[in-house]
Enquirer: 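Dumping the structure here so I can ask a few things about it.
Just the heavy atoms: all of them, side chains too, but no hydrogens, waters or symmetry mates, feed the values below. Proteins get letters first, then strands, A, B, ... in listed order; numbering begins at 1 in each.
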2 protein chains.
Amino acid sequence: MSLYNLNRLRHFVEVVESGSFTAAAKKLGLGKAIVSHQVAKLEEELGAGLLVRTTRSVQMTEAGQRFYENAAEILAQAERAVQELQQEQEIPSGLLTVTAPEDYGQCVVARALMRLRVKYPKIRVNAVFTDEKLDQLKEKIDVSIRVGWLEDSSAIARKIGSFQQYTVASPQYVEAMGPITTPMDLQDKDWIYHCKLPAGILWQSAEGEEVQFVLQNPPITVWNTLTSHACALGHGGLCLLPSFQIREDLASGRLQRVLPGWHHKEGGIYALFPNSRFRPAKTKVFVEELIKAHKEVRDVF
Amino acid sequence: MSLYNLNRLRHFVEVVESGSFTAAAKKLGLGKAIVSHQVAKLEEELGAGLLVRTTRSVQMTEAGQRFYENAAEILAQAERAVQELQQEQEIPSGLLTVTAPEDYGQCVVARALMRLRVKYPKIRVNAVFTDEKLDQLKEKIDVSIRVGWLEDSSAIARKIGSFQQYTVASPQYVEAMGPITTPMDLQDKDWIYHCKLPAGILWQSAEGEEVQFVLQNPPITVWNTLTSHACALGHGGLCLLPSFQIREDLASGRLQRVLPGWHHKEGGIYALFPNSRFRPAKTKVFVEELIKAHKEVRDVF
DNA sequence: TTGATTGTCTCTATTTTTCATACAGTATGT
DNA sequence: ACATACTGTATGAAAAATAGAGACAATCAA
């Protein structure tokens with residue numbers, strides 16, 4: 001097909017509407033030579049005369065008349081298409097699909113999403129809180145939240161924040177254990193073990209001391225942190241849980257930290273995006289909201 | 001506005017429909033590098049990601065999905081506009097406005113136009129037979145027929161054919177005149193003078209002899225050849241008339257040539273077109289038809 | 001692992017677009 | 001009739017966009 005340059009169309013339409021090449025050129029901010037040349041080229045492409053020029057005036061041919069209407073319509077439609085797109089770019093809207101691990105999803109992401117809905121009602125939310133790893137493309141996921149430590153991934157990541165891990169237990173269980181002074185005292189206690197995490201537990205004191213031991217035959221094995229949490233609340237024993245998950249339990253006293261002088265490895269929260277050159281507005285505003293929500297639950301104790 | 005290249009749109013749409021850059025490039029007959037580059041440029045222009053690429057597959061973003069529909073529509077419309085135009089270019093149609101002098105119009109052009117209508121029913125005809133000179137642009141005249149000798153004009157001319165001028169009179173008048181042997185014998189006869197033509201009459205013999213005289217106080221002055229014709233038929237006197245006008249009269253004997261051994265200056269029939277780079281089909285076929293019609297009336301005697 | 005396929009990148013050649021200037025024809029006002 | 005102002009066009013150089021060939025990294029299937 002011959003027609004491919006919308007600017008030519010624009011020039012032609014402008015000439016028709018202005019009634020003169022010079023006026024059109026002025027309006028378009030171009031030299032009149034260009035407009036003349038472009039319209040001539042358009043005619044050549046189309047193999048038909050559109051305008052009849054004399055040195056003093058411009059008139060449309062019959063073909064030009066008919067083509068003008070089409071041309072104007074095409075331009076209008078093109079403009080509409082672009083505007084529609086850019087409006088979407090500015091006003092966050094559309095379906096936002098977010099995945100996150102179950103625990104972090106429930107504790108933080110859900111709140112961020114609900115606030116987002118209040119701010120931007122045109123965003124529809126699809127929250128997939130699961131510990132499974134989904135196909136970002138197939139499920140059309142806009143943002144994947146990863147908690148912990150990133151493996152390599154082709155996707156682009158943005159750090160949302162960090163979290164601490166705390167060794168906690170219910171007050172009852174702590175009392176039953178009796179006094180504890182060093183991590184090694186905990187080695188043979190009742191650990192609630194999250195099987196997807198490494199069995200080795202690393203302790204770091206404020207002074208830089210390091211102690212590590214590996215859980216041998218933990219009496220309770222669970223498959224996700226929500227279960228760990230439930231077991232700990234049920235006085236099942238010791239449990240390593242992320243700070244964001246136990247914020248309220250620590251505040252209310254339903255759980256308490258064991259050996260608060262010792263810390264575990266800090267983890268990160270990351271947002272992963274599909275590998276696209278541009279990030280839609282809905283994604284941007286969600287990430288901002290998530291960062292805000294995360295700050296509220298960070299490092300409670 | 002940013003969007004201006006329809007080829008980009010075409011590439012994008014093709015990628016979406018093929019589901020792959022490589023397939024799209026193949027279909028478009030281009031290198032995949034170009035397609036990739038063009039689509040990237042389109043995204044840049046729009047400030048929005050349209051496609052999410054991985055090394056193995058291409059997926060549309062939400063924005064891309066929506067834009068795709070608009071893009072496809074725009075392309076379809078552009079194609080339609082071009083086709084419509086080019087079809088018009090091939091199948092003669094539309095309003096054909098023709099001007100011609102009254103006499104030639106009635107004698108030749110009308111016939112050509114009527115034949116044209118039979119051949120190409122989609123042509124509508126606007127026949128303006130008048131001796132006035134009209135504004136070609138203002139009246140949207142596609143073809144102006146000029147009879148005689150061209151003055152300068154910015155319009156483009158095409159010669160349709162030529163015609164002779166004959167000095168004629170009715171048989172009665174010729175008989176009344178008595179025997180005539182040389183042009184000078186006619187100088188003081190009753191001339192029917194067409195005031196828009198020069199008063200000087202030039203005679204050329206077959207042997208190359210030239211005689212010229214100027215009409216002094218012609219007894220009958222008329223303003224157009226149709227009147228001349230009528231006066232001649234009414235035995236008013238001698239009259240210089242174009243061949244196409246008196247073809248039938250000569251055949252039927254109602255008029256007859258005077259001094260057929262002497263000739264007058266040959267005239268031409270010209271078609272003038274508006275100064276347009278391209279000539280619509282309707283114009284082309286009309287000119288052909290007119291040439292054919294003219295041949296039939298040319299140089300009867 | 002290899003081999004095939006994907007999309008992208010780089011470099012170069014070609015085409016297109018733009019600009020500034022000069023030009024020719026025509027209407028207008030004196 | 002004349003100059004003036006205005007029209008659209010032609011020309012040639014500079015800038016930009018487009019096209020093509022080959023190499024590259026990433027992925028999937030065997």
Enquirer: Tell me which nucleotide among C:dT8, D:dT9, D:dA17 gets nearest to the side chain of B:Ser36.
Expert: C:dT8

Enquirer: Starting at atom CD of A:Gln59, determine the distance to atom P of D:dT7, rounded to an integer number of angstrom.
Expert: 16 Å

Enquirer: Verify the contact: side-chain N or O of A:Tyr4 to OP1 or OP2 of C:dT17, cut-off strictly under 4.0 Å; return yes or no.
Expert: yes

Enquirer: According to a strict under-4.0 Å criterion, is B:Gln38 in side-chain N/O contact with OP1 or OP2 of D:dA17?
Expert: no

Enquirer: Rounded to whole angstrom units, what separation is found between the CG atom of B:Leu6 and the P atom of D:dA17?
Expert: 17 Å

Enquirer: Could you check which residues of residues 13-31 of chain A get a heavy atom under 4.0 Å from DNA chain D? Sort them by number, please.
Expert: A:Ser20, A:Phe21, A:Thr22

Enquirer: By the 4.0 Å heavy-atom rule, please label B:Val58 as base, sugar-phosphate, or nothing.
Expert: sugar-phosphate

Enquirer: How many whole angstroms separate atom CD1 of B:Ile34 from atom C1' of C:dT10?
Expert: 14 Å

Enquirer: Quick check: does any side chain N or O of B:Ser162 sit under 3.5 Å from a backbone N or O of B:Gly268, one acting as donor and the other as acceptor?
Expert: no

Enquirer: Any side-chain N or O of A:Arg53 less than 4.0 Å from the OP1 or OP2 oxygen of D:dT7?
Expert: no

Enquirer: Quick check on DNA chain D: between B:His37 and B:Ala33, whose nearest nucleotide comes earlier from the 5' end?
Expert: B:His37

Enquirer: Decide yes or no for A:Ile269 and A:Val108: does some side-chain heavy atom of the first lie under 4.5 Å from some side-chain heavy atom of the second?
Expert: no

Enquirer: Just the rounded figure in Å: distance from P of C:dT8 to CG of B:Leu42.
Expert: 13 Å

Enquirer: Taking the basic N atoms (NZ, or NE/NH1/NH2) and the acidic carboxylate oxygens, is any pair closer than 4.0 Å for B:Glu288 and B:Lys284?
Expert: no

Enquirer: Output yes when a side-chain donor or acceptor of B:Gln38 lies under 3.5 Å from a complementary backbone atom of B:Asn7, and no otherwise.
Expert: no

Enquirer: Check the distance between C:dT17's C1' and A:Leu9's CG and give it to me in whole angstrom.
Expert: 16 Å

Enquirer: Can you tell me if B:Gln212 has over 12 outside heavy atoms packed within less than 6.0 Å of its CD?
Expert: yes

Enquirer: Below 30° counts as parallel, above 60° as perpendicular, anything between as tilted: where do the rings of A:Tyr68 and A:Phe12 land?
Expert: perpendicular

Enquirer: Between C:dT17, D:dG8, D:dT18, spot the one nearest the side chain of B:Asn5, thanks.
Expert: D:dT18

Enquirer: Would you say D:dT18 has OP1 or OP2 under 4.0 Å from some side-chain N or O of B:Arg8?
Expert: yes

Enquirer: With the threshold set at 4.0 Å, does a side-chain nitrogen-carboxylate oxygen contact exist between A:Glu73 and A:Arg80?
Expert: yes

Enquirer: Expressed as a whole number of angstroms, how long is the span from A:His11:NE2 to C:dT16:P?
Expert: 16 Å

Enquirer: Both B:Lys41 and B:Lys32 contact DNA chain D. Taking the nearest nucleotide for each, which residue is further toward the 5' end?
Expert: B:Lys41

